[in-house]
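Just so it is clear, the structure is predicted and the values come from calculations on it, not from any experiment. Heavy atoms only: backbone and side chains are in, while hydrogens, waters and symmetry mates are out.
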Amino acid sequence: MNKNDLITRISQKSGMTKKDVETVLNGFIDEVTDALVAGEKVQLIGFGTFETRRRAKRSGRNPQTGDVIEIPEANVPAFKAGSRLKEAVK
């Protein structure tokens with residue numbers, strides 16, 4: 001499912017227009033992004049938690065040349081599924 005499919009399904013279930021659903025979804029994405037940039041967690045009880053994790057500096061290989069390269073440390077976004085989501089997927 002892509003973003004347009006999600007917008008269509010939410011629109012059908014909620015009775016909202018696709019344009020309104022797209023506005024809400026884009027707002028949600030922007031707010032989650034802003035929170036993660038600020039170092040905050042976004043927790044949706046039962047669904048999951050969006051957070052950032054620190055990935056340590058490490059060595060890697062350039063797949064084209066085989067040379068060893070240093071990969072710098074970085075903050076990366078992460079999602080941890082909540083209990084209801086895990087149960088629903090089983």
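Partners of Arg58 by salt bridge (charged side-chain N to carboxylate O under 4.0 Å, His left out), not counting sequence neighbours: none found.
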- [ ] Take Lys19 and Glu22 through the test salt bridge (Lys or Arg N to Asp or Glu O under 4.0 Å) and record every step on the way to the result.
- [x] CA-CA 5 Å; Lys19 182 133 180 98; Glu22 183 177 12; 5.6 Å; no

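Annotation for Ser59 and Val68: closest pair CB-CG1, 4.3 Å, computed over non-hydrogen atoms.
Within a 6.0 Å sphere centred on NZ of Lys3, heavy atoms belonging to other residues, nucleotides or ligands number more than 12.
The side-chain heavy atoms of Arg61 and Ile69, taken from C-beta on, include no pair separated by under 4.5 Å.
Side-chain contacts under 4.5 Å among hydrophobic residues (ILVMFWY), followed directly or transitively, place Val24 together with Met1, Leu6, Ile7, Ile10, Met16, Val21, Leu25, Phe28, Ile29, Val32, Leu36, Val42, Leu44, Phe47, Phe50, Phe79, Leu85, Val89.
Using a distance-only test at 3.5 Å, with no hydrogens or angles considered, no donor-acceptor pair links the side chain of Arg55 to the main chain of Glu73.
Residue pairs meeting the side-chain hydrogen bond (donor to acceptor under 3.5 Å, both in side chains) criterion with at least one partner in residues 74-84, sequence neighbours excluded, are Arg54-Asn75.
Side-chain contact, Asp20 with Thr17: a donor N or O sits under 3.5 Å from an acceptor N or O.
Atoms CD and OG1, from Gln43 and Thr49 in turn, are 4.0 Å apart once rounded to the nearest 0.5 Å. Rounded to the nearest 0.5 angstrom, Gln12 CD and Lys18 NZ are separated by 7.0 Å.
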